[in-house]
Every structure is written in C-alpha cells, then in structure tokens.
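In what follows, every chain begins at residue 1, and chains take the letters A, B, ... in the order their sequences are listed. Just so we're clear, the structure is a prediction, and the values are computed from it rather than from any experiment.
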Amino acid sequence: MGIDGLIILDNAGRSIIQSGFRSTTPAYPLLQIDAVNTALAAASRPTDVDPVIQVQHPSNSDIPSACCHVACGDLRILCPISGNVDPLVGFAFLQTFVDILQEYFGGVSLAIVKDNFDVVYQLLEETLDSVGHPLTTSHNALRDIVLPPSLFSKLLNAATANLAAIGGGTPIQGPPAGPFSSQIPWRKAGVKYASNEMYIDVNENLQAIVNKQGVPLTSSAYGKIEVACRLSGTPDCTLNFTNPQVMTDCSFHPCVRLQRWSRDKHMSFIPPDGHFVLAEYRYTPNTNSNSAITRFANPSSTAPSPKEVVPIPFAIKAKFEVEETTGTNGATGRAASFPGTLSATVMLMLTTRPIENVFVELNLGESAHAIKCVASRESGGLGRGLSALESGHAGSASASWSFDSRKKVLRWEIPNVPPSTHWSLQGSFAASTTPPRPSHALQVRFEIQSHTFSALKVDQLKITGEGYKPYKGVRGRSTGNVEWRW
Amino acid sequence: MAQAGQDAKFFTRGKIEEFKADLHAADAKDKKFVKRKTVLKKIVANITMGNDMSPLFTDVVQSLGTPLLEIKKMVYLFLVSYGRSAKPEQINMVIPFFLQDVNDRNPLIRALAIRTMSYIPIPVVTDALTESLRHCLRDRDPYVRKTAAICVAKLYAADPRRAEKGGFVEMLRDLMLDANATVVANAVAALSEIGDRPDGVIFKLNLTAANKLLSALDESSEWGQIYIMDSLLRFVPERHSDAEIMAERIVVQLQHANSAVVLTTIKILLYLMNYMENRRLIEYLCKKMGPPLVALLSSGPEVQYVALRNILLIIQRRPAVLKNDVKVFFCKYNDPIYVKLAKLEIMYRLARAENCREVLAELQEYASEVDVDFVRKAVRSIGRLAIKVEPGADGCIQTLLELIEAGLAYVVQEAVIVIKDIFRRYPGKYEGIIPKLCEHLDSLDEPESKAAIVWIIGQFADRIDNADDLLEVLVDTFLEESVEVQLALLTATVKLFIYKSKSEKAKELVHKILKWATEEVDNPDLRDRGFMYWRMLAINPTLAGEIVLAEKPPITTDSDRMDRGALDQLLLHTGTLGSIYHKNPETFIRNAAGRALTDSPALNPNSRAVLVHLPRPQIPGPPISVQGRGPVERPPNQPPTTTGPPGLAPTDSLIPGEDAAPAPPLPPRRNPAPQDSHTDDDDAGDDSDNDAETAQNRNDDPYSNLDSAFSTYLADEPKPMGAGAHRGRNDDDLLF
C-alpha cells in the first residue's frame with residue numbers, strides 16, 4: 001500500500017509544490033495533474049467531480065492509478081495513489097497534511113505556501129516516504145525535526161554561540177536525547193510553559209432534513225471535543241461528565257485510554273501538546289442503550305420514536321408561487337414570462353438563547369432574474385415594524401438578502417435572531433425562457449453560542465502527575481446545517 | 001508548468017553560474033554558513049520550479065561536508081532529485097559522504113543518509129547501502145531503525161535477490177518484535193510491500209506473530225495501526241476461537257478518530273467473521289460496525305464517497321450492519337452528485353417492506369429535483385423498489401403515474417422503462433395503466449424507452465384496442481431506428497399478428513416489417529430474427545404463437561446480488577480502490593497481488609462453498625530458500641489437515657519463494673454447503689438459499705458477472721428468476 005506523493009496545485013491548476021515521485025516516471029505527476037484539471041474543466045460545478053479519479057496512462061493502460069483530491073482554500077491538493085490502496089488512507093493523509101500546514105503556518109493558502117516553500121518541502125520529506133508510507137505526522141514529533149518558520153527565522157537572526165553546538169549535530173533547541181526520545185508518541189518530552197492552561201471546546205453540529213410538513217426526517221447532532229492544551233511536563237488528565245450517556249458512537253484521539261472509557265465513562269489521557277481533537281461523538285436524545293438493542297432485535301419497529309430526533313431550534317414557513325403568463329404581454333416581445341412570488345418566515349423555537357448568523361439559501365433555478373425582496377423583522381420584542389428600507393441595509397441586528405446571479409442562489413442573512421421573534425422575507429422574481437424550477441429545499445445554516453444540543457456538561461477535569469495548578473476553561477458552541485423542504 | 005519552463009529558458013544559464021559563484025564565495029568566509037544556506041535554498045527553490053540544477057552537482061555536493069543538519073537536508077534533497085541521473089564519477093564523489101554520515105552522532109543524519117541512499121537505485125549506491133543498512137537495522141535509535149526498515153523494501157525493489165541473500169528479510173522479521181511500536185509498524189509495512197510484489201517472498205503470519213503485532217497496536221501511530229491491521233489479512237485462523245478472540249481485541253479500534261483506521265478495522269472484522277462460529281458474536285460485531293460507518297458520513301464529501309461505496313459492498317454481504325439506518329442515507333440538495341448517486345443505491349438496497357413508504361416518499365422528492373441525471377436514477381429506483389418490495393408496489397406505481405402526468409420528457413422515458421419491468425414482475429396486476437403510458441408515446445425519443453413501450457404494446461396487443469394503429473405509426477420509421485428499437489418493433493409486430501391474425505392491418509404490418517428486416521437491414525441479429533419469425537409463421541402459425549407468447553418467467557431483483565464468493569473476495573479489499581470500482585484489483589491493477597480467503601479448518605462452510613482460488617503467478621528463476629529464525633509455532637491441537645489439500649496446509653510465517661506455485665484447486669464440491677444452524681448470515685433464510693444456488697451455478701471465472709453487475713451504476717437490472725448469467729432484453733422473447 002502506498003501513496004505515490006502529494007501535489008499542491010494553485011487555483012489555475014498549476015503545480016506549485018510536489019513531492020519527489022521517485023518511484024515513478026517523471027511524466028506520472030503530470031498525468032495526474034492533467035487528469036484532475038481535465039475532470040474539473042469537464043464538470044459544470046467543481047464540486048461535481050468524483051473525488052477519486054481513475055487516471056488513464058495514455059500509452060500503457062497497464063499502469064493504473066487513481067487520484068484523490070481535495071480543495072483547500074485557493075489550493076487543490078492531489079494525492080495520487082496506485083496499486084490497491086485505500087483511498088481513505090489518501091484522504092486521511094491529505095487531511096493530516098493540511099492540519100500540519102495549519103499548525104505550522106496558521107492557515108493554508110497560495111501565498112502562505114509560496115512564502116514557506118522550504119518548510120513545506122521539509123514537511124513533505126518527513127511525513128511521506130518516497131514509496132508512499134506516511135512517516136511522522138504527529139505535530140509534536142514533527143516540530144522536533146522541522147522547525148516552524150517563526151523559530152527558524154529567529155534562529156537565523158540570532159546567529160551566535162549555540163550555532164557551534166548545532167554544527168556538532170544536536171538538534172536545535174530539542175531535548176538532549178533527540179527526537180523520538182519521548183515515550184509517548186503524540187507528546188514531546190520536556191514541554192515547559194510559564195502559565196499552564198487547558199481549554200476545552202465542545203462543538204456540536206446539527207445535520208437535519210425537514211420535510212414539507214415541518215417534521216424532521218432525519219436529525220442528528222455530531223459533537224467534537226476540541227482541546228487547546230498548554231501544560232508543562234507530562235500531565236495525566238481525567239475528564240468526567242455529569243451526563244456522559246448523551247454521547248454515543250464515540251471515537252477518540254489515540255491518547256484516550258479506551259479501556260477506562262468503556263469501564264466508567266471517564267476520559268483519561270496524557271494530552272498532546274497544543275491543539276487537538278480529543279473525541280467525536282453523536283448525540284442521540286433519550287439515549288437508552290437498551291432501546292437500541294431492542295430496536296435491533298425487533299426489525300418491525302423501524303421508525304425511530306420522535307424522541308430520537310434532535311429538535312430543530314427554529315421553524316420555517318415558505319410559500320412559492322409562479323404565474324404563467326404565456327404571450328399575454330405582447331408589447332415586450334417576449335413569448336413567455338414567468339413572474340413568481342415567494343415568501344418565507346423564520347420563527348425561533350428556542351427561548352433561552354438567540355441564534356446567530358442565520359443563512360438561508362434557495363436555488364431559484366436557471367434563468368431566474370429580476371429578484372426583488374424585502375427582508376424584515378415581523379414581530380416579537382422591540383423594533384416591530386421596521387421599515388423595509390432600514391432592514392434592507394446592513395445594520396448589525398437586521399436582516400439582509402442578496403442574489404448570486406452566477407449560481408442563481410438567493411441568500412437571506414439574519415445576523416442575530418433573538419428568542420421568540422419572527423423574521424420574514426417577501427419578494428418576487430421573474431424567469432424568462434422556461435418555467436422557473438427552484439429547488440424544493442431551503443438550506444439553512446446557523447450558529448448558537450454557549451449552547452449544545454446535548455447539554456453535555458463537564459463535571460470535573462483532574463490533572464495529576466504535575467505540581468502546578470493549571471487554568472481550565474470549558475465552552476460550548478453549536479452550529480447547524482438544516483435542509484428545509486417545502 | 002509551461003510558464004515555469006519558459007522562465008527557465010531565460011534565466012537558467014545565468015543563474016547556474018551565479019549559484020556556482022555564490023557557493024564558492026560561501027566557502028571563503030562564512031563561518032555561520034548563513035550564505036551557504038541562502039544559496040542552497042535558492043537552488044532548491046529552482047529545482048521545485050522545474051529548472052535543471054544538475055550542472056551544479058559537484059559544487060553542491062561539496063557542501064555535504066558542512067556539519068549542519070539544515071544544510072545537509074538541502075543537499076540531500078538535491079541528491080534525491082539528481083542522484084539517479086548523475087555520472088558515475090559524480091556519484092563516487094558522494095559515497096564517502098554517505099558513509100561518513102551513516103556513522104554520524106546525530107540519529108537524524110544517520111537516518112537521512114540511508115534514506116537518501118535508498119532513493120538512488122544505482123549499483124554503487126546500493127552496494128554502500130547494503131553494508132550500512134545492516135548496522136542501521138540494529139541502531140540503538142528507533143528513528144534510525146524505523147527508517148532502515150522502510151529502506152529494506154526499497155533495497156528489495158532495486159535488487160530482490162541481493163536483499164534475500166543478505167538476510168534482510170529475516171532482519172525485518174526480527175524487527176517485528178522490536179520494543180518500539182513505530183519500528184514494528186514500519187517493519188510490517190516493508191514486509192507487506194515485499195509480500196505484495198509478484199516476485200516477493202510470501203509474507204504470512206501465525207498466531208503468535210499476529211498476537212505480538214496486536215500488542216504493538218495501541219502504541220502505534222495511526223498509519224502504523226493501518227499497516228499492522230492490514231497485515232492481519234495474512235493470518236489464517238485455524239480455530240474459530242482464534243478468530244473470535246482476535247476480533248474482540250481489535251473491535252475497540254472502531255472508536256479511532258482516523259477514518260482509514262476505522263475502515264481497515266471493519267475490513268479485518270469482516271475477514272475474521274468468515275472463520276467464526278459464534279453467531280452471537282457475529283451479530284454483536286455487525287451491530288458495532290454500523291455506527292462508525294454512519295459517523296463517516298459526517299465527514300467531508302470525499303470521505304463520504306469512499307465510505308458509501310464500501311457500505312454498498314458491506315451491506316450486500318452483511319445486511320444486518322445498517323438494517324435500520326436507511327434515513328442516514330437520505331440525500332441533501334447540496335450533496336455533490338457522486339454522493340447522491342451512491343446514497344440512492346444504498347437506499348434501494350436497504351429498502352424493505354417496513355421502511356418502503358419512507359424510502360418511496362424520499363425518492364419522489366428527488367424526482368422533482370433539477371439535476372437530470374439524478375432525477376432519472378431516482379425514477380428508476382422507484383421502479384426497482386416496486387420490483388423488490390411487493391407490498392410497496394402499489395405505492396410505487398401510483399408515484400410513477402403521478403410523475404408521468406407531470407410530463408417531463410426524461411421522467412416519462414425513465415418511468416416507461418421501469419414500468420415494463422414491473423409488468424413482468426407482477427403479471428396481470430397493473431396492465432390497467434397501459435392507456436396512460438400510450439398517451440405519452442410522442443415524448444419517447446430515446447432507444448431504451450422506445451424499445452420498452454414497443455415491448456409493452458406488443459406484449460399486451462390483445463388488450464390495447466388501437467395497438468395496430470400505434471404500431472403502424474412506430475413502424476413507419478423502422479429503418480431509421482436504432483437496432484434495439486428495431487428488434488423490439490420486429491417482435492412486437494409478430495406478437496400483434498399472432499394476437500390479431502384476422503386483422504388486415506396486422507397482416508400488412510408484419511409483412512412489411514419482415515421484408516424490411518430480412519432485405520433492407522445489415523444487422524445480422526435483426527436479419528436472423530426476421531428469418532426465424534418468417535419461417536415459424538410460414539410453417540406453423542399456431543406453434544409460432546405458442547413460442548412467441550410463451551409465458552415469461554417472472555423476474556426478481558434478488559439474483560442481482562453479486563456472487564457470494566466474489567463478494568467475500570472483494571470484501572478483503574474493503575477500503576481499497578477495488579471496493580470503489582467494485583472490481584478485484586488484479587483485474588485492473590498491474591502487479592497487484594490478489595487476495596482470496598484461505599481455507600482452514602475454521603473457515604465456515606458457507607464461505608468455503610463459494611471459495612475462490614487464486615493462482616499466484618509462477619515466477620521464472622531459480623527457487624530461493626530463506627532460512628531463518630523467528631516466531632514459529634503451530635497450534636498444539638491442530639488437527640491433521642483434513643480439509644485442504646497439501647498445498648493449502650498451514651504454513652509458517654515465511655515460506656520460501658518456491659512454494660509460490662499455484663495452489664492446487666480444491667476438489668470441486670458438488671454438494672452445497674450443509675444448511676444447518678451454522679449459517680453465518682444474519683438473514684439466514686435468504687442467504688442459504690442463495691448459497692445452494694450459487695454453489696452450483698457458479699461458473700469458473702469468479703469475476704464473470706462482476707463486470708456486468710457493476711458496469712453501469714445501477715447494478716441490478718432485473719433478470720429472469722433463477723436463471724444464471726444470461727441476460728439481455730433482446731432475447732427476452734426468444735425462449736429457445
């Protein structure tokens with residue numbers, strides 16, 4: 001099994017950095033790039049391209065390979081694989097590499113990669129072997145071998161005494177025993193911080209589909225526990241929850257002791273240094289492990305009880321009408337025009353917190369134009385009856401709308417929806433040639449600060465093995481992605 | 001790329017001289033190597049831009065004497081790019097540096113040196129590498145050992161015989177017992193790579209070795225875990241309990257954060273299940289596999305796609321895994337098209353009487369979307385659903401009729417195609433809707449849908465009052481139609497004539513079309529069929545009627561499932577390219593080692609009945625024998641090999657290459673698997689029936705129906721019930 005290499009393309013499809021491809025012919029990476037560019041050019045939307053492209057060798061069909069690729073900012077990163085390789089290894093590696101770049105440079109973009117190409121090259125060398133074995137990908141171990149740019153430049157500038165020592169062969173600034181001296185592969189040895197801190201973020205993402213009747217068809221929340229850890233030495237952490245039963249189907253960072261979790265639902269671990277994802281889980285309301293089993297044993301009861309559905313924090317009513325006025329308006333010279341009206345209302349069901357950054361998107365279909373809309377706040381709280389003019393402009397708390405004429409997407413944005421308020425969008429549009437066929441689904445994205453669907457609560461974070469008292473913080477945040485059909 | 005090349009034309013010459021001068025200048029007074037570092041950095045930048053820097057070889061290599069890791073790294077980067085094409089005297093110049101660095105105090109430099117050497121497959125370098133590698137494999141630093149392990153695989157690729165003679169394979173095997181988990185994982189990776197080569201040493205694991213590897217699992221990096229688990233496919237359990245204990249040990253890895261680890265774990269569990277006896281454990285494992293698979297669907301669309309393709313395979317073999325999760329696969333409007341299509345297929349597979357209504361409502365929703373391709377597949381899925389789930393058929397027909405009413409041309413075409421199959425699945429039940437179909441005759445302009453409606457008109461000509469009129473219009477354009485439609489028209493007209501032999505119009509039509517088919521058409525199939533009908537009608541019209549209108553065997557979609565043996569084999573490739581394309585890798589990847597279930601006393605009877613044998617290609621050249629120590633153990637109470645022929649006897653962890661001869665095939669088993677309580681399937685009833693059938697019907701080429709099964713996205717076109725491979729709508733009517 002092997003990953004053949006890695007190619008970073010700019011937004012014009014040109015290669016800016018690629019790994020050595022030492023075990024293949026020089027033409028090979030070019031073919032891969034070509035295949036991806038051809039596929040991208042052929043697709044009407046870049047997202048429609050298969051993520052695994054089978055690459056045909058022009059002269060020798062005996063050399064098969066495939067190319068996994070992902071878009072990443074203004075870059076596209078390709079990962080050619082050949083032989084019978086798990087494409088997921090390719091994608092997992094791509095993800096890991098992007099994460100590493102993120103950690104090193106704080107972002108991934110064409111400019112950043114070009115500025116730091118030597119570091120990117122060193123990283124490529126260390127993370128991927130020429131025949132495609134991923135090598136060192138743990139950020140903590142990598143920092144010992146490849147210096148992050150800030151440290152690197154610091155060292156270049158501060159060219160003094162310790163350079164002699166470096167010349168002697170000891171790795172710079174590293175612990176005396178050299179890299180990989182740490183007994184724990186994900187944590188480097190000898191970490192020291194002036195102030196010890198550990199922050200835990202619980203982020204949940206709601207994925208749901210709501211049908212025409214306003215009933216959720218599917219709705220589940222996926223949670224992620226992210227940790228920013230700045231602790232000296234080798235601390236041993238134990239994280240307890242008051243309601244661990246809301247977490248099902250958990251997956252963990254390798255540092256978590258799985259036995260301990262299955263025994264008493266305590267997450268016990270020696271954390272990596274820096275930022276990492278401790279665990280991911282799915283939230284199922286009313287979790288009762290027995291119910292899952294009985295449901296399994298009894299296949300006739302397929303429909304999940306309503307309790308198993310995560311409630312959606314808002315409701316939408318949408319109406320859409322198209323009149324067909326064929327040839328009645330002879331004066332304009334058009335054979336047919338299809339004026340339509342639409343109206344939609346968002347109501348917040350949540351009573352405790354506002355939801356923020358609500359984006360409602362609707363694809364109006366080909367040939368839609370002449371969009372006119374009024375986004376307003378209908379009722380609830382103060383500010384009732386705001387005039388259309390005011391709300392149409394971007395006040396911090398008012399709604400606005402826009403139309404992407406290239407993608408034919410109508411976007412309605414409400415920065416802040418306080419509890420129990422109603423917001424509405426009324427508008428009209430026209431389509432010239434064909435009857436408009438807007439998509440039958442509104443895509444809604446939103447955020448809720450300091451709220452989790454599962455109400456997962458950290459009971460205690462114990463840190464043992466070290467003498468200091470660290471600062472600890474926990475925070476919750478929810479995002480959602482709901483498809484609302486009408 | 002092209003632009004960079006142009007830049008090169010302009011600047012290369014000047015720059016190379018410049019760099020040369022800079023390098024020499026750096027020699028003079030550059031105590032902190034700052035200048036040298038800057039120049040090298042520029043040179044490396046130029047390499048990456050595609051400019052040829054090879055003329056600088058001699059000058060750059062001189063910098064290797066600089067005792068600074070940063071500089072060494074860049075020089076080695078340069079060597080990796082140009083070492084292969086360097087002149088012999090240039091390479092000879094580098095060798096002393098290599099040998100010096102291999103003994104450096106810094107483990108990073110030692111590792112860097114052997115790694116770079118292994119990238120340059122030139123005999124001189126390989127010579128130097130062979131000696132150094134031996135020491136590095138025993139280096140006290142794990143970083144050097146793990147790098148050295150991978151270098152062995154590269155040495156093997158450069159010169160297999162030398163690597164074997166040098167005893168490197170044995171050294172790798174010893175590294176599998178190393179204290180450091182990363183070293184173990186890399187040794188396994190190297191051995192696997194060697195084992196996958198068609199000319200490589202066979203790499204097999206026995207129980208002790210497998211258990212040793214498992215204990216290194218927890219400390220390995222995620223990639224190491226993938227290597228180690230993947231290598232477990234080389235372990236053939238001899239007892240049910242071996243497989244069961246091992247599965248219990250690795251099942252916890254399903255909670256890993258890395259999706260590739262999860263999918264590899266699932267692959268191994270599916271493999272081990274073939275050797276298990278304990279039904280409750282199998283059920284438990286199936287239940288455990290569902291949630292992590294579903295969780296993969298919350299990742300990015302790329303991972304989703306790979307996951308979905310694999311799920312499609314897994315649920316065909318182990319339907320219990322995601323039995324109740326059909327809702328997870330409902331498509332969102334914003335999903336990329338490839339994700340939608342994969343989800344659609346899975347929804348159809350998971351549809352049962354209990355969830356049919358939900359699935360149908362969902363499919364109906366999709367049929368109103370904008371994307372033509374997706375809408376067509378959705379409509380087709382509704383038809384397939386009707387054929388698969390009898391209680392839901394009424395609802396499906398209703399939905400299809402509503403869609404036809406809406407009148408979108410491509411929807412109507414697709415609906416007509418599936419309705420034709422529904423008529424065959426439920427004879428005498430839904431023919432009442434034929435008039436509605438005929439109303440939309442004009443909107444059918446694609447061959448497949450046209451052929452379908454022609455078939456319907458011909459087949460039910462006795463119930464359609466104006467069948468002769470309809471056919472007359474259609475026949476008019478006979479000579480311009482595609483062969484598919486021509487064949488359908490020919491048969492339909494003959495049917496019409498047999499139903500209504502009194503009608504003048506029918507007589508006239510059949511005469512016209514037979515004449516055309518036999519005289520005006522070049523296609524031999526069409527001509528032959530024309531002649532045949534003509535003779536039949538001329539000799540004995542009554543008998544011809546009996547033949548042409550003979551009762552059709554009803555169709556089903558059950559036989560569309562992939563052959564069990566082939567499925568077992570494909571599942572060994574879960575999470576690989578093969579599972580994405582649903583083909584066995586050796587059929588499309590050169591040099592891919594095939595994988596097949598290996599027989600052992602523990603293999604359960606159902607899997608054995610459909611066992612596929614895999615000949616290992618015979619390698620020319622003298623036999624190589626590799627002696628060596630290592631964990632060698634046979635299970636104490638292993639029964640004398642009663643089941644397999646000698647060639648399949650359990651073997652030690654490494655077999656010499658001479659055993660690489662094709663394994664003699666098992667004596668053909670005429671008896672289908674005993675259908676007792678030990679069936680390993682969750683839907684036992686359904687599957688054991690299939691087993692009995694497939695065991696007998698299986699043809700010699702296990703892939704023969706794979707290609708056809710997955711050539712189009714919609715794998716399973718309805719086929720005649722019980723009939724083996726023969727399909728094709730054209731000969732539906734010709735039951736020879």
Chain A contact via [X] - side chain, backbone, both or neither, heavy atoms under 4.5 Å:
X	value
B/E222	side chain
B/V294	both
B/K73	side chain
B/E302	both
B/C151	neither

(message) Are the side chains of B/N180 and B/K146 in contact, using a 4.5 Å heavy-atom criterion?
(response) no
Does any heavy atom of chain B fall under 4.5 Å from the side chain of [X], the backbone, both, or neither of them?
X	answer
A/V277	neither
A/T96	side chain
A/F93	both

(request) Determine, stepwise, if the pair B/D101 / B/Y76 fulfils side chain to side chain donor-acceptor pair (under 3.5 Å). (result) CA-CA 11 Å; B/D101 281 354; B/Y76 276 126; 2.6 Å; yes
(message) Under 6.0 Å between ring centres: does that hold for B/Y366 and B/F374?
(response) yes
(request) Check whether more than 12 heavy atoms from other residues, nucleotides or ligands sit under 6.0 Å from atom CZ of B/R357, and answer yes or no. (result) no
(request) State whether the number of non-hydrogen atoms from other residues, nucleotides or ligands found under 6.0 Å of B/K288 atom NZ is greater than 12. (result) no
(request) Sort out for me which of B/K72, B/Q253, B/R115 touches chain A most, counting heavy-atom pairs under 4.5 Å. (result) B/R115
(message) Can you see whether A/N363 engages A/E361 through a side-chain donor-acceptor pair at a distance of less than 3.5 angstrom?
(response) no
